Amino acid sequence: MTEIGSASAQPEGRTHDHPAGRADSRATVVSSRGRRAPRRSRADGRSAAGFLSPLVIGFGVFTVFPVVYSLVMSFYDWPVFGQRAFVGLRNYSDLFDSDSFRQVVRNTLLIVLVYVPLNIVCSLTLSIWISGRIRGRNWYRVLFFIPAVTPVVANALVWQLMFQPDGLAQQLWETVLPGQAPNFLGEGNWAMAVVVLMTLWQGVGYNTLIFSAALDAMPADVLEAATLDGATGWRRLRTMVVPLISPSIFFALVMTLIGAFQIFSEPFILTGGGPGNATETLVTYLFHTGFKEYDMGLASAVAWIVFAGILVVTAVQFTLQKRWVHYDGDK
Amino acid sequence: MTATSSAPGERRTRSRRWGAVVSQTALTLVLLAYLFPFIWMVTSSLKPSSEIFANPPRLVGSSVEWGNYSEMLDYLPFGRLLLNSVIVAALGATLAVLVSVCAAYAFARLRFRGRNLLFVLLLSTLMVPQEVVVIPMFTMMRTAELDNSYLALILPWAFTAFGTFLLRQFFLNLPYEIEEAAYLDGLGRFRTLWRIVVPMARPAIAVLFVFTFLSYWNSFLWPLIIVNSLDKATVPLGLQMFMGQNGNQWHLMMAAATLSVLPAVLLLIVLRRQLVAGVALGGLGNR
């Protein structure tokens, strides 16, 4: 399997001495770092300490220490006010015993499973479309990117307005379809659909830019051939374009998956996790337990479950990548 | 003769040209649909409040109510929020760039013991999600009595492994000879960095600045946790507080939303090159 894949990727790898090489030349520099760095006096050590100390101190205080601290907290009953007590793994076992937390995990996994593939497919389609024979393509890319840079809270507000009872969505539904429109944000499945749709709307522009950068680095005729209609175009797309930009797809997939586990603002503003806990995600749940119920220990345990989830999924990604990601230097 | 033989080819190019026009038109329609929420936001912000839920829906209200904006400003100190956001984002991004430039230079150009180990340790923390850090950070800030302050909003996110990594990669690609010459001429390490390396690395530094600025600008979870007054609230947090108090005054909320979207859109259009370059380098991460 692997051999067939890399064999088909090789000819392309050889043919382009294009800007695509940029990323790789960087990679070579990294690996030849030792050779490049000059032989220097011992004074290097002292200046290094000077240059690094701001980062090392800040990083120690604001990343390393909190990470350790948070793991410790997750083993404690840790209210914001009052006595703390070591409880071992009880926070974790309480979480997995609670129906509401299991619901939250299911919600988050559902979002991940629906949102991530949709995002990749939409942004891949959009980026290929724009990279075809479109005038002013950079403007399209920038304009599709707008929802990704505007404040999520503002974005969520207008979505909330549109999907309110008697809002635009409901009125349009009732003009076009017979019968009464659903209360989009008030019914569990519909609320979830709106949350996913809005998240998708915000996420697609970013991945479109990532894929566009990769497509721009590709020889023009490959893309030209792939934007042909019909079976040939489709096959070229699958066998040539996708393998060529597979490192970008891999990167986008990893980042989007990590982001999907951490979805917070969209459901928090749109639905507040409701109705009931139908759109409660791991992170909105974390916020509620930590900063509404002031149970910092339990909230820390949730945070570590999110972290563990991210680590596992990313590790799986990296193991699977050999099967489908083709880097230029692949042997 | 020639004309007849070239006819099929001509037809093909003509149909291809038509294809391009259709494709461009369709894409523009998709774009308009995509940006529709913003259009709705702006037009709703200018509608009379009674027409927000008008049935059948109308894109533009019967009159243009600029007064919504001044009414909104009576409820919400938007200027204050904007100022807070600018202070936090500008100072935060500046600090992040300074710290990253120094550290990246050390990793790229200096030889010292434990360099690779330290770098790998730094990179491994790229995976740590914000949520893990946020809870202990809250208790730390409270202990230091820094909650509800600019410092609390800025400091935690200014020491980024990502920025250091991005700039280090860029520094490694710069020609070393100029620096070498400057250094041999007796320019100290710090001045070499400041006078020679930084000017050459301006594009990468701009990218890092813009991305850090935007992630401060849009950050919501942390301000929500650490700030509890409009006095120090950033734009997204102020919007959320406003929403809690005036939940049904949609015309005012849309006015506030429009004002908070505007700076980001302007920034995106002005700095589009840096942003696109930054995304290509894998910037922005998640927020």
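First the proteins, then the strands, lettered A, B, ... as listed; each starts at 1. Small disclaimer: the values here were computed from a predicted structure and weren't measured.
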Is it the side chain or the backbone of [X] that comes within 4.5 Å of chain B heavy atoms, both, or neither?
X        : result
A/Phe211 : neither
A/Phe144 : both
A/Ile263 : neither
A/Leu126 : side chain
A/Phe59  : both
A/Val72  : neither
A/Val204 : both
A/Met73  : side chain
A/Leu157 : both
A/Arg135 : both
A/Phe261 : neither
A/Ser74  : neither

| said: Just to verify, what does A/Leu143 make a side-chain contact (heavy atoms from CB on, under 4.5 Å) with, not counting sequence neighbours? | reply: A/Ile146, B/Leu31, B/Leu35
| field | With B/Val128 via side-chain contact (heavy atoms from CB on, under 4.5 Å) - residues at least two apart | value | A/Val67, A/Phe307, B/Thr125, B/Val132, B/Val133
| query | When you measure from the side chain of B/Asn218 to the backbone N and O of A/Val152, does any donor-acceptor pair fall under 3.5 Å? | reply |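 Not a single qualifying donor-acceptor pair exists.
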| task | Using side-chain contact (heavy atoms from CB on, under 4.5 Å) as the criterion, point out the one residue from B/Leu110, B/Val99, B/Val101 that pairs with A/Phe51. | result |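 Between A/Phe51 and the candidates, side-chain contact (heavy atoms from CB on, under 4.5 Å) is satisfied uniquely by B/Leu110.
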| request: Keeping to residues at least two apart or across chains, list the side-chain hydrogen bond (donor to acceptor under 3.5 Å, both in side chains) pairs with something in residues 294-307 of chain A. | output: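 Every side-chain hydrogen bond (donor to acceptor under 3.5 Å, both in side chains) pair that includes a residue of residues 294-307 of chain A, provided the two are not neighbours, is A/Ser70-A/Trp304.
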| field | Part of B/Thr164 within contact of chain A (heavy atom distance under 4.5 Å) | value |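 Contact with chain A: side chain only.
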| request: Would you mind checking which part of B/Arg142 comes under 4.5 Å of any heavy atom in chain A, side chain (CB onward), backbone (N, CA, C, O), both or neither? | output: side chain
Just how far is it from atom [atom1] of [X] to atom [atom2] of [Y], taken to the nearest 0.5 Å?
X        : Y        : atom1 : atom2 : answer
B/Thr160 : A/Leu55  : OG1   : CG    : 7.5 Å
A/Ile269 : B/Leu239 : CD1   : CG    : 8.5 Å
A/Leu282 : B/Glu131 : CG    : CD    : 9.0 Å

| task | Output, in order, the C-alpha distance, side-chain angles, deciding distance and verdict of side chain to side chain contact (heavy atoms under 4.5 Å, CB included) for A/Val64 and B/Leu121. | result | CA-CA 10 Å; A/Val64 179; B/Leu121 275 178; over 6 Å; no
| message | Apply side chain to side chain donor-acceptor pair (under 3.5 Å) to residues B/Gln130 and A/Gln262 and explain how you reach the verdict. | response | CA-CA 9 Å; B/Gln130 185 193 200; A/Gln262 298 173 266; over 6 Å; no
| message | Is the distance between the ring centroids of B/Phe38 and A/Trp201 under 6.0 Å? | response | yes
| Any residue of residues 168-175 of chain A which, by heavy atoms, sits under 4.5 Å from chain B |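 Checking residues 168-175 of chain A against chain B gives A/Leu168, A/Gln171, A/Leu172.
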| task | Taking the side chain as every heavy atom from C-beta outward, state whether B/Thr139 and A/Met296 have any atom pair closer than 4.5 Å. | result |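 Yes, close enough: below the 4.5 Å cut-off.
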